[in-house]
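Residue numbering restarts at 1 for every chain, and letters A, B, ... go by the order of the sequence lines.
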Amino acid sequence: MTHGTARNIFIFGSLLMLGILVWLSIDSVKAIEKNTPPVTSKVEAGLKVWQKYNCIDCHTLIGNGAYFAPDLTKSYSKRGDAFLRAFISNPPKPMPNFQMSDEELDDLIDFLRWVDGVQTNGWPPKPLIQK
Amino acid sequence: MKYSSQRVAYPYLLLAVALFALQIVLGLVIGAQYVWPDFLKDVLPFSQGKAIHINLLVLWLLLGMMGATYYIIPPESKREIHSTKLAMVQFWILTIAGLIDAGYLMAGFSEGRKYLEAPWPVDIMIIIGALMFLYNVGMTVLKSEKKTSIQAVLLTGLIGLSVLFVFGNVMVRNANFSIDQYWWWWIVHLWVEGTWELVVAALTAYVLMRLTGIPRGHIEKYLYLEVALVFLTGILGIGHHYYWIGTPKYWMMVGGFFSALEPVPLALMVWNTFQHLKESKTVPTNKVALNWLVIAIIGNFVGAGLMGVVHTLPIINQWTHGTQVTAGHGHMAFFGAYAAHIIAVVYFVLPEMRGVTNTFDQRSGMRSLWWMNLSMLFMSLTLMAAGVVQVYVERISGVSFMLVKNTYLTGWMIMRLVFGLTFTVGVLEFVYDFIRISKSKPMEQTLQNIVTGSFSSSGGAAATRR
Ligand code: HEM
Ligand code: HEM
Ligand SMILES: [Fe+2]
């Protein structure tokens, strides 16, 4: 293979791949909007709370984040509203108590409920061995 | 060193090494918190320590790439850098940006996206710095008489990573968390499995050419093919992050297929390097730089290629996604592919800059190589093993996350900390060596030059530069 051929494969091959990625991304973003519950202003505020307290650098959400604390994708359906509220307001060590305002806590719970509704292609998988 | 403007590389490399050392200190703190959750918990909670650990990592690698570029662009372009003043202004902007970010994270603030925790003014400063950098390097290359493949690949990588940073930072600000994460991967994945690979491939080609004295034509022969394969597999390989985040099912096919091929270019790079080593007839004086370079190329293949491909298929990734397996791969890949490359460049640049290539003591460099690389290999193997245990006990058997972490995983986390400490031995040796070589005087070199009658600074290879 000559130098020129390799360069052309690089240039045109990369552009082709990028083109496909852009096309799939436009489609994916549309699909995500269908695969996720509607984003209300409270959910959006809850995302801001999630980001403000940097939760993602201990926990994972839809599997992205840190591995120091549990994944919270399905925490809403697993634990329920009341449990989460009590837990976050008075967490066991080593989780910090963020002293959130009632409004922040409300929004955050709404956000976690929203995440619970994301269509994740079945992730996290159910344990194979049932207790 | 032939061009005086190459000297602007020094502050960049110095800062990069300092931030590397600091990154490791934070790694030790959060590593200890895995074993003793209350360790320093009121001073520096885990989330803050982790944010600083990975922010410093990204920052020092970028600074290292910039310093390396400033060093190799003048000889590649056969002219001085367009403006050294601009390069220094850029350096201070980035330094201040780094300080603001560190202060912001220490105080417990965050923008809440992994690796991108920095506040937006810092992002703007980084973008300004990047623009100054691209302008400066771009002008130097444009004015050069003969354009080389190394220049082209390096610039494509640098421009690409900057464009992705700007584009990604705009797109992630979405009220829908899934869409936010979708674009977030455009930065994280398309950086490390795309544009950054181009940057290190170009740096490797240059340093290898100088160290082995092999003709440019041979070195550049496979360069385009390698980077073409990186993009052909890596761009759609992004799909391995789009299995479970609210994205369509077709990503399982697309992502699984293309990402499974990502090790191919990395293997080609290893093969190609060994071909060059066989071909080279001269023994380089700067062995420590060559050894670091070869180990970086192998580390790229092992950490990114092998330790990446083992959990990239959807049927496997559904179990390992977001476990210690991910952390194990992340460490070996970032260290092997990027950190080791920058260290290799440092070992090439520093002695040449001081004019001591033929005389400097290489023992500490070799010791740091063994301490760091063996420790990191063991650390990531430990994490991968811990991840497999975690998958089995938590994900397959359904024992709660915290119970698994506090029982089955503790032993592995102690081992990780031990390897973290042995890694630190290598880092200390390296930092000490950096200072030592920086301070060394080219006494004997001058003497030797007088004896041999050659006054041009040679590049470590006995052969002349082509
Ligand atoms: C003394 C050595 C080190 C120790 C003890 C250490 C420890 C840690 C710990 C505890 C985490 C957090 C994992 C989690 O989220 O649960 C982490 C994350 C990370 N570290 Fe290190 N680290 C060390 C060195 C390094 C080096 C040398 C690099 C790269 C060159 C590196 C790159 C990373 C990356 C990329 C992450 C994020 C990975 C992920 O979340 O998937 N670390 N480290
Ligand atoms: C030098 C190149 C690479 C670096 C620095 C790197 C680093 C990383 C890091 C830090 C993560 C964790 C991301 C996060 O959640 O924060 C990750 C995830 C991942 N990487 Fe890589 N990687 C590289 C190349 C590769 C390659 C070539 C493959 C596959 C062939 C691969 C496969 C994966 C997969 C499947 C994940 C997702 C893990 C999960 O689901 O939790 N990586 N990588
Ligand atoms: Fe990736």
Side-chain angles (χ1 to χ4, degrees), chain A residues 1 3 6-7 9-11 13-14 17-18 20-21 24-25 27-29 31-33 35-36 39 43-44 47-48 50-58 60-71 73 93-94 96 111 114-115 118-131, chain B residues 30 33-34 37-38 41 45-48 50-51 108-114 117 149 175-182 184 220-225 227-228 231-232 235-236 238 242-252 254 318-319 321-324 326-327 395-398 400-402:
Chain A
M1 191 186 302
H3 199 69
R7 194 181 54 200
I9 296 179
F10 172 57
I11 296 172
S14 308
M17 290 300 155
L18 191 63
I20 298 176
L21 178 60
L24 291 180
S25 294
D27 182 70
S28 292
V29 168
I32 291 175
E33 274 159 3
N35 290 343
T36 53
V39 181
V43 170
E44 187 177 354
L47 170 59
K48 294 265 160 58
W50 169 265
Q51 291 170 335
K52 175 180 169 189
Y53 293 105
N54 207 20
C55 311
I56 204 141
D57 278 327
C58 283
T60 46
L61 204 51
I62 50 180
N64 297 341
Y67 325 113
F68 190 68
D71 183 79
T73 313
K93 285 200 291 189
F111 171 66
W114 181 90
V115 171
V118 174
Q119 198 279 98
T120 55
N121 291 333
W123 195 87
K126 297 252 164 331
L128 295 180
I129 302 167
Q130 296 299 333
K131 278 176 287 180
Chain B
I30 57 176
Q33 285 173 338
Y34 253 101
D38 290 340
K41 115 178 199 308
F46 181 88
S47 54
Q48 274 166 256
K50 168 152 185 186
F109 299 110
S110 170
E111 274 200 2
R113 286 180 201 89
K114 190 174 173 188
E117 290 90 346
S149 305
N176 185 312
F177 178 69
S178 286
I179 296 177
D180 169 325
Q181 291 295 291
Y182 186 91
W184 176 79
E220 288 183 342
K221 186 165 175 213
Y222 288 106
L223 185 57
Y224 272 122
L225 187 64
V227 295
F231 272 176
L232 285 173
I235 292 179
L236 289 176
I238 195 173
Y242 294 157
Y243 301 150
W244 329 112
I245 67 168
T247 26
K249 282 209 168 61
Y250 56 70
W251 283 115
M252 298 204 192
V254 179
Q318 65 171 329
W319 299 107
H321 180 46
T323 60
Q324 297 298 334
T326 311
R395 300 252 165 114
I396 297 187
S397 313
S400 92
F401 175 95
M402 286 313 282

Of the listed residues ([options]), which shares the most heavy-atom pairs with chain A below a 4.5 Å separation?
| options | answer |
| --- | --- |
| B:Pro45, B:Ala51, B:Gly108 | B:Ala51 |
| B:Tyr250, B:Trp251, B:Phe231 | B:Tyr250 |
| B:Asn176, B:Ile245, B:Leu232 | B:Asn176 |
| B:Gly246, B:Gly322, B:Pro37 | B:Gly246 |
| B:Ile30, B:Ile179, B:Leu225 | B:Ile179 |
| B:Leu223, B:Asp180, B:Val227 | B:Val227 |

Using non-hydrogen atoms and a 4.5 Å limit, figure out which bit of [X] sits close to chain A: side chain, backbone, both or neither.
| X | answer |
| --- | --- |
| B:Lys249 | both |
| B:Phe401 | side chain |
| B:Thr247 | both |
| B:Ile238 | side chain |
| B:Leu236 | side chain |
| B:Gln181 | side chain |

What do the steps show when you test A:Ser25 against B:Tyr182 for side chain to side chain donor-acceptor pair (under 3.5 Å), and what is the final call?
CA-CA 9 Å; A:Ser25 294; B:Tyr182 186 91; 2.7 Å; yes
So, the side chain of [X] versus the backbone of [Y]: is there a donor-acceptor pair under 3.5 Å, distance only?
| X | Y | result |
| --- | --- | --- |
| B:Ser149 | B:Glu220 | no |
| B:Tyr34 | A:Phe68 | yes |
| A:Trp123 | B:Gln318 | yes |

What part of [X] is in contact with chain B, defined as an atom under 4.5 angstrom from a non-hydrogen atom: side chain, backbone, both or neither?
| X | answer |
| --- | --- |
| A:Leu21 | both |
| A:Ile32 | both |
| A:Ser28 | both |
| A:Ile11 | neither |

Can you tell which of [options] has the highest number of heavy-atom pairs within less than 4.5 Å of chain B?
| options | value |
| --- | --- |
| A:Thr120, A:Asp71, A:Leu61, A:Val39 | A:Thr120 |
| A:Ala31, A:Pro124, A:Cys58, A:Pro96 | A:Cys58 |
| A:Met17, A:Glu44, A:Lys126 | A:Met17 |
| A:Gly65, A:Gly13, A:Gly122 | A:Gly65 |

Are B:Tyr243 and B:His321 close enough that their ring centres sit under 6.0 Å apart?
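No, they do not, as the ring centres are separated by 6.0 Å or more.
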Any side-chain heavy atom of [X] sitting closer than 4.5 Å to one from [Y]?
| X | Y | answer |
| --- | --- | --- |
| A:His3 | B:Lys221 | no |
| A:Asn121 | B:Met252 | yes |
| B:Trp319 | A:Pro125 | yes |

Identify whether the distance between the nearest side-chain nitrogen and carboxylate oxygen of B:Lys114 and A:Asp57 falls below 4.0 Å.
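Looking at A:Asp57 together with B:Lys114, the answer is no, because their closest N to O distance does not fall below 4.0 Å.
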A:Lys48, NZ atom: more than 12 neighbouring heavy atoms under 6.0 Å
no
I need the minimum non-hydrogen distance between A:Val118 and B:Ser178, along with the two atoms involved.
CG1-OG, 3.8 Å
Could you go step by step and tell me if B:Glu111 and A:Asn54 meet the side-chain contact (heavy atoms from CB on, under 4.5 Å) rule?
CA-CA 7 Å; B:Glu111 274 200 2; A:Asn54 207 20; over 6 Å; no
